[in-house]
2 protein chains.
Amino acid sequence: MEERQPELCRVEDALSILVGKWKPIILLHLLQEDTHRFNELKRKLPGITQKMLTKQLRELEDEDIVVRTVYPQVPPKVEYAISEYGRSLEPILEAMHEWGQNHTLRKNQKNKDES
Amino acid sequence: MEERQPELCRVEDALSILVGKWKPIILLHLLQEDTHRFNELKRKLPGITQKMLTKQLRELEDEDIVVRTVYPQVPPKVEYAISEYGRSLEPILEAMHEWGQNHTLRKNQKNKDES
DNA sequence: CTTTACAGTATCTTTTAGTATACTATGGTT
DNA sequence: AACCATAGTATACTAAAAGATACTGTAAAG
């Protein structure tokens with residue numbers, strides 16, 4: 001981790017791709033089931049607006065995490081899939097999920113102890 | 001990662017502790033050198049305001065990541081250290097740093113190719 | 001007697017992230 | 001002729017994060 005220079009840290013670069021109310025869960029869905037159409041994904045994310053979903057997907061596409069395929073049809077058909085490169089985020093998401101699970105347990109335990 | 005239910009994902013719980021413009025670098029400094037006084041840390045974070053630093057440290061303290069020790073002296077002396085529990089974040093930060101480093105290389109390469 | 005260091009708090013403003021709602025084009029269905 | 005689904009865009013708004021700036025109390029140093 002550049003032990004001697006936290007200034008050179010690149011944690012933020014990874015973080016910036018993962019943060020947001022919707023990105024982790026979008027990525028988890030895409031990791032689980034490779035291709036999704038726009039509305040299919042939207043249905044799996046209750047509460048998200050079209051604008052938000054479009055924005056998140058464009059940002060992921062810009063970073064080569066997600067691949068967007070447009071089929072020239074009417075009505076439109078657009079498929080989103082995780083890229084090979086995007087899959088390299090899986091261990092990080094996995095580690096965060098495990099840490100988060102443990103953290104939640106810890107907090108619940110703490111609250112129980114206090115009551 | 002609860003392969004079948006991204007809805008149950010706890011990635012956000014870990015993420016919420018790590019995100020922000022300052023938290024990762026604060027944690028890296030504390031991981032590297034265990035105890036810091038308030039102003040010592042502030043000097044290592046060019047551009048941060050006192051308010052921000054206080055806020056970030058309080059949040060980390062609330063999650064038991066950081067331990068705050070007040071010495072009843074004048075002028076005040078307060079020390080911040082990472083907790084044992086806080087150290088459990090190290091592998092995640094490490095993984096993100098490595099991913100981020102690679103990602104930065106990838107982007108630079110891409111820009112070079114385009115020019 | 002003024003200044004400095006320490007570790008903050010109190011207000012206010014700006015920036016960014018996210019939400020709400022309406023609108024587009026096209027073709028097929030009722 | 002009206003309506004539905006598709007995958008969006010446009011505009012306006014609210015909430016949350018971050019920044020700027022000024023202030024506090026105490027003791028020691030100059």
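Protein chains get the first letters and strands the later ones, always in sequence-line order, with residue 1 at the start of each. Since this is a predicted model, take the numbers as computed values, not measurements.
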Are A/Leu41 and A/Ile48 connected into the same hydrophobic cluster when the rule is that any two of I, L, V, M, F, W, Y join if their side-chain heavy atoms are below 4.5 Å apart?
yes
Could you list the residues that satisfy ring-ring contact (aromatic ring centres under 6.0 Å, His included) with A/Trp99, not counting sequence neighbours?
A/His103, B/Tyr85
Measure distances between side-chain N and O atoms of B/Lys51 and base N and O atoms of D/dG19, and say whether any donor-acceptor pair falls under 3.5 Å.
yes
Send over the distance from A/Leu53 CG to C/dA20 C1', rounded to a whole Å.
16 Å
Should A/Arg37 be listed as having a side-chain N or O under 4.0 Å from OP1 or OP2 of D/dA7?
yes
Base, sugar-phosphate alone, or nothing: which one does B/Tyr80 contact when heavy atoms must sit under 4.0 Å apart?
sugar-phosphate
For atom NZ of A/Lys42 and atom P of D/dT6, their distance in whole Å:
10 Å
Could you tell me which residues satisfy side chain to side chain contact (heavy atoms under 4.5 Å, CB included) with A/Lys21, sequence neighbours excluded, listed by chain and number?
none
Residue list, salt bridge (charged side-chain N to carboxylate O under 4.0 Å, His left out) with B/Arg106, at least two apart or on another chain
A/Asp64
Rounded to 10°, tell me the angle between the two end axes of the helix from C/dC1-D/dG30 to C/dT30-D/dA1, each built from five pairs.
30°
Spacing between B/Gln73 atom CD and C/dG8 atom C1', to the nearest angstrom
15 Å
DNA chain C contacts among residues 18-25 of chain A, heavy-atom distance under 4.0 Å:
A/Gly20, A/Lys21, A/Trp22
Distance, nearest 0.5 Å, that separates CD1 of A/Ile26 from CG of A/Leu30
7.5 Å
Specify the separation, in whole Å, of atom CE of A/Met52 and atom P of C/dT19.
6 Å
A/Leu45 CG - D/dA7 P separation (whole Å)
14 Å
With sequence neighbours excluded, residues passing side-chain hydrogen bond (donor to acceptor under 3.5 Å, both in side chains) with A/Arg43:
none
Output a table of donor-acceptor pairs, distance under 3.5 Å, between side-chain atoms of residues 10-20 of chain B and any protein atom two or more places apart or on a different chain; print 'none' if there are none.
| unit_1 | atom_1 | unit_2 | atom_2 | d |
| --- | --- | --- | --- | --- |
| B/Arg10 | NE | B/Asp13 | OD1 | 2.8 |
| B/Asp13 | OD2 | A/Thr104 | OG1 | 3.4 |
| B/Ser16 | OG | B/Glu12 | O | 3.4 |
| B/Ser16 | OG | B/Asp13 | O | 2.9 |

Which residue pairs satisfy the side chain to side chain donor-acceptor pair (under 3.5 Å) criterion with at least one member in residues 44-53 of chain B, sequence neighbours excluded?
B/Glu33-B/Lys44, B/His36-B/Lys44
So, does A/Arg58 get its side chain near the phosphate of D/dA7, meaning an N or O under 4.0 Å from OP1 or OP2?
no
What string of B, S and - do you get for nucleotides 22-30 of chain D 5' to 3' if you count protein non-hydrogen atoms under 4.0 Å?
---BBS---
Take atom CZ of A/Arg43 and atom C1' of D/dA7, then tell me their distance rounded to the nearest Å.
12 Å
Rounded distance in Å - CD1 (A/Ile48) to P (C/dT21):
16 Å
So, is A/Arg68 close to the D/dG8 phosphate, meaning a side-chain N or O under 4.0 Å from OP1 or OP2?
yes
Among all residues two or more places apart in sequence or in another chain, which pass the side chain to side chain contact (heavy atoms under 4.5 Å, CB included) test with A/Arg68?
A/Arg58, A/Glu61, A/Val70, A/Val78, A/Tyr80
May I ask you to decide whether B/Glu114 forms a salt bridge with B/Lys110, counting only side-chain N to carboxylate O separations under 4.0 Å?
no
Who passes ring-ring contact (aromatic ring centres under 6.0 Å, His included) against B/His29, sequence neighbours left out?
none
What is the separation between atom CD on B/Glu79 and atom C1' on C/dC6, rounded to the nearest whole Å?
13 Å
Listed by chain and number, what are the salt bridge (charged side-chain N to carboxylate O under 4.0 Å, His left out) partners of A/Asp34, not counting sequence neighbours?
A/Arg87
